[in-house]
> 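Below is a structure I'd like to ask you about.
Count residues from 1 along the sequence. Computed from a prediction, not measured in an experiment: that's the story for all the values here.
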Amino acid sequence: MSILIDKNTRVLCQGMGKAGTFHATQCRDYGTQVVGGVVPGKGGTTKEGFPLFNTVAEAVRKTGADATMIFVPPPAAADAIMEAADAGIAVILAITEGIPVLDMARAMRSLKNITTCRLIGPNCPGVITPGQCKIGIMPGYIHKPGPVGVISRSGTLTYEAVWQLSNLGLGQSTCVGIGGDPIAGTSFIDVLQLFQNDPRTEAILMMGEIGGTAEERAAEYIKQHVTKPVAAFIAGQTAPPGKRMGHAGAIISGGSGTAKEKIAALRAAGIAVADSPADLGTTVQKAMKAKK
């Protein structure tokens, strides 16, 4: 059993607009069991071969879906997340970018009472267990099954890291894009714990960025609880203070959240830190050799 998703995962797509339909089709072509879409008012029809349902509850009842990817536009995306949780979906991938922070605060408060579901995102590329299941927008062909677990706040950095790892003959156990928003459903520590307990994962690559203190907290957790080799990279090393870089959560404020602070915390925890995005794969290699 892989962490989060595997070949048996049955997936819905909430929001079957142009983007949702395209990526649902890409996931299906990869081999993922995409069992339908949710579009209020379109229940009983089909789109590109996907049966459509009016509500997530109806879709779960009729298809047995246990995961969903959300492409609902930002003003309604938080409601879509809560609807999925209320319907019993176990893994919710919120791909939507630009969800208002207050909406996400409301959604997270609602999800605290539902212990049977995990939200990943929002503003994330999704999750893939190579060769088994892809839920999200990542290009499937660059991923190869293997021993490296990947966690990232950045989608594009994830793809670059995976490409390097695959070219070095290092496949991936599961790749998790946790998203770059200030309020996220799943943290570095959540995924680190899953990878530490996963027998298929032999090493971990963690990619963070400026803003917040998530990477510092992850470094402390790794120091105390993770026995597997860990490599890391921090994006935004040249960003001036007060500038937001790409993600809503990637902003340095009050002198905290800088790349320098994060890199220092990671290295203090014994983590191999790549100096450049070009060194992601080789830094994982070095970390694995050093641990042997």
> Could you state the interatomic distance from CD1 (Ile263) to CD1 (Ile271), rounded to the nearest 0.5 Å?
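Here the rounded value is 12.0 Å.
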
> Testing the basics here: between Ala259 and Gly236, what is the closest heavy-atom pair and its distance to 0.1 Å?
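For Ala259 versus Gly236, the nearest heavy atoms are CB-O, 4.2 Å.
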
> Given the rule that I, L, V, M, F, W and Y join up when any side-chain heavy atoms are under 4.5 Å apart, are Ile70 and Leu111 in one cluster?
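Yes, same cluster.
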
> Answer whether the closest heavy-atom distance between the side chains of Glu216 and Glu261 falls below 4.5 Å.
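Side-chain contact under 4.5 Å: yes.
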
> Would a single hydrophobic cluster contain both Val35 and Val39, if residues Ile, Leu, Val, Met, Phe, Trp and Tyr are joined by side-chain heavy-atom contacts under 4.5 Å?
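No, separate clusters.
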
> Taking the side chain from Glu215 and the backbone from Gly208, do they hold a donor-acceptor pair closer than 3.5 Å?
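No; judged by distance alone, with no hydrogens or angles, the pair does not exist.
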
> I would like to know whether Lys228 and Lys291 meet side-chain contact (heavy atoms from CB on, under 4.5 Å); could you show each step before the answer?
CA-CA 8 Å; Lys228 298 176 180 182; Lys291 201 77 172 181; 6.0 Å; no

> Using only atom types and a distance under 3.5 Å, with no angle test, would you say the side chain of Thr96 pairs donor to acceptor with the backbone of Pro74?
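Answer holds: no.
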
> Specify the closest pair of heavy atoms between Phe195 and Thr174, including all atoms of both residues, with the distance to one decimal.
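Minimum heavy-atom separation between Phe195 and Thr174: CZ-O, 3.3 Å.
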
> Quick one: are Val60 and Phe53 in side-chain contact, heavy atoms under 4.5 Å?
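The answer is no; the side chains never approach within 4.5 Å.
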
> Please report the interatomic distance CD(Gln26) to CG(Asp29), rounded to the nearest 0.5 Å.
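Going from CD on Gln26 over to CG on Asp29, the span is 6.0 Å.
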
> Take Arg118 and Leu194 through the side-chain contact (heavy atoms from CB on, under 4.5 Å) test and state the conclusion after the steps.
CA-CA 12 Å; Arg118 177 183 294 279; Leu194 292 172; 4.2 Å; yes

> One pair to check against side-chain contact (heavy atoms from CB on, under 4.5 Å): Val191 and Met206. What are the steps and the verdict?
CA-CA 10 Å; Val191 185; Met206 184 182 91; over 6 Å; no

> Can you tell me if Tyr30 uses its side chain to pair, donor with acceptor, with the backbone of Gly131 under 3.5 Å?
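Yes; judged by distance alone, with no hydrogens or angles, the pair exists.
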
> Is it true that a side-chain atom of Thr32 and a backbone atom of Cys27 form a donor plus acceptor pair closer than 3.5 Å?
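Looks like yes, one N/O pair under 3.5 Å.
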
> Checking the side chain of Asp86 only, and the main-chain atoms of Glu83 only, is there a donor and an acceptor separated by less than 3.5 Å?
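No: the side chain of Asp86 does not pair with the backbone of Glu83.
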
> Do Leu93 and Ile137 share a hydrophobic cluster (ILVMFWY, side-chain heavy atoms under 4.5 Å, transitive)?
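Same cluster: Leu93 reaches Ile137 through Ile, Leu, Val, Met, Phe, Trp or Tyr contacts under 4.5 Å.
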
> We want to know whether Gln164 and Thr282 form a side-chain donor-acceptor pair, criterion being a heavy-atom distance below 3.5 angstrom.
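No, no side-chain donor-acceptor contact under 3.5 Å.
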
> Are the side chains of Lys42 and Lys47 in contact, using a 4.5 Å heavy-atom criterion?
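The answer is no, as the side chains (C-beta and beyond) never meet within the 4.5 Å cut-off.
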
> Does any non-hydrogen side-chain atom of Thr63 lie less than 4.5 Å from one of Gln33?
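No, every pair of side-chain atoms sits at 4.5 Å or beyond.
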
> If I compare all heavy atoms of Leu119 with all of Thr186, which pair ends up nearest, and what's the gap?
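For Leu119 and Thr186, the tightest heavy-atom pair comes out as O-OG1, 2.5 Å.
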
> Considering non-hydrogen atoms only, spot the tightest contact between Phe188 and Ala218 and give its length.
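That closest heavy-atom pairing would be CB-CB, 3.8 Å.
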
> How long is the span from the CD1 atom in Ile222 to the CG atom in Leu192, to the nearest 0.5 Å?
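That separation rounds to 4.5 Å.
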
> Can you tell me if Ser166 uses its side chain to pair, donor with acceptor, with the backbone of Ile142 under 3.5 Å?
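Side chain of Ser166 to backbone of Ile142, a donor-acceptor pair under 3.5 Å: yes, one is there.
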
> Taking the side chain as every heavy atom from C-beta outward, state whether Asp79 and Arg106 have any atom pair closer than 4.5 Å.
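Heavy-atom side-chain distance check passes, below 4.5 Å.
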
> What I'd like to find out is whether the side chain of Gln172 reaches to under 4.5 Å of the side chain of Ile128, using heavy atoms alone.
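A side-chain contact is absent here, since even the closest heavy-atom pair is not under 4.5 Å.
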
> Please tell me whether Leu168 and Trp163 are part of a single hydrophobic cluster in this structure, the criterion being side-chain heavy atoms less than 4.5 Å apart.
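As far as the 4.5 Å side-chain criterion goes, Trp163 and Leu168 are not connected within one cluster.
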
> Measure the CD1-CZ distance between Ile3 and Arg200 for me, rounded to the nearest 0.5 Å.
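It comes to 8.5 Å.
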
> Report the distance from atom CG of Asp275 to atom CD1 of Ile234, rounding to the nearest 0.5 Å.
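So the CG of Asp275 and the CD1 of Ile234 are separated by 12.0 Å.
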
> Share the residues that join Val284 in a hydrophobic cluster, the rule being Ile, Leu, Val, Met, Phe, Trp or Tyr side chains under 4.5 Å apart at the heavy-atom level.
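Listed partners: Val148, Val150, Leu157, Leu165, Leu170, Leu205, Met207, Phe233, Leu280, Met288.
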
> How would you list, by chain and number, every residue that makes a side chain to side chain contact (heavy atoms under 4.5 Å, CB included) with Thr46, sequence neighbours excluded?
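So Thr46 forms no side chain to side chain contact (heavy atoms under 4.5 Å, CB included) with any residue.
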
> Determine the minimum heavy-atom distance between Gly177 and Cys124, stating which atoms define it.
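Shortest heavy-atom contact: O-CB, 3.1 Å.
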
> For the pair Asp181 (side chain) and Pro122 (backbone), establish whether a donor and an acceptor sit closer than 3.5 Å, ignoring hydrogens and angles.
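Checked: no pair found.
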
> Any chain of hydrophobic side-chain contacts (each under 4.5 Å) joining Val101 to Val72?
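Cluster IDs for Val101 and Val72 match.
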
> What closest approach, in Å, do Gly37 and Met16 show between heavy atoms, and which atom pair accounts for it?
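Residues Gly37 and Met16, closest heavy atoms: CA-CG, 3.9 Å.
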
> When rounded to the nearest 0.5 angstrom, what is the spacing between CD1 in Ile183 and CG in Leu102?
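The CG atom of Leu102 is 7.5 Å from CD1 of Ile183, to the nearest 0.5 Å.
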
> Counting C-beta onward and ignoring hydrogens, is there a side-chain heavy-atom pair between Thr9 and Val91 closer than 4.5 Å?
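A side-chain contact under 4.5 Å is absent here.
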
> Mind telling me whether Phe71 and His23 have parallel, tilted or perpendicular rings, with 30° and 60° as the class edges?
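The rings of His23 and Phe71 lie parallel, inter-plane angle below 30°.
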
> For a side chain to side chain contact (heavy atoms under 4.5 Å, CB included) with Ile5, tell me which candidate from Ile120, Val11, Ile135, Asp66 qualifies.
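Per the side chain to side chain contact (heavy atoms under 4.5 Å, CB included) rule, the option paired with Ile5 is Ile135, out of Ile120, Val11, Ile135, Asp66.
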
> Could you tell me whether the side chain of Met138 reaches within less than 4.5 Å of the side chain of Cys175, counting heavy atoms only?
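Side-chain contact under 4.5 Å: no.
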
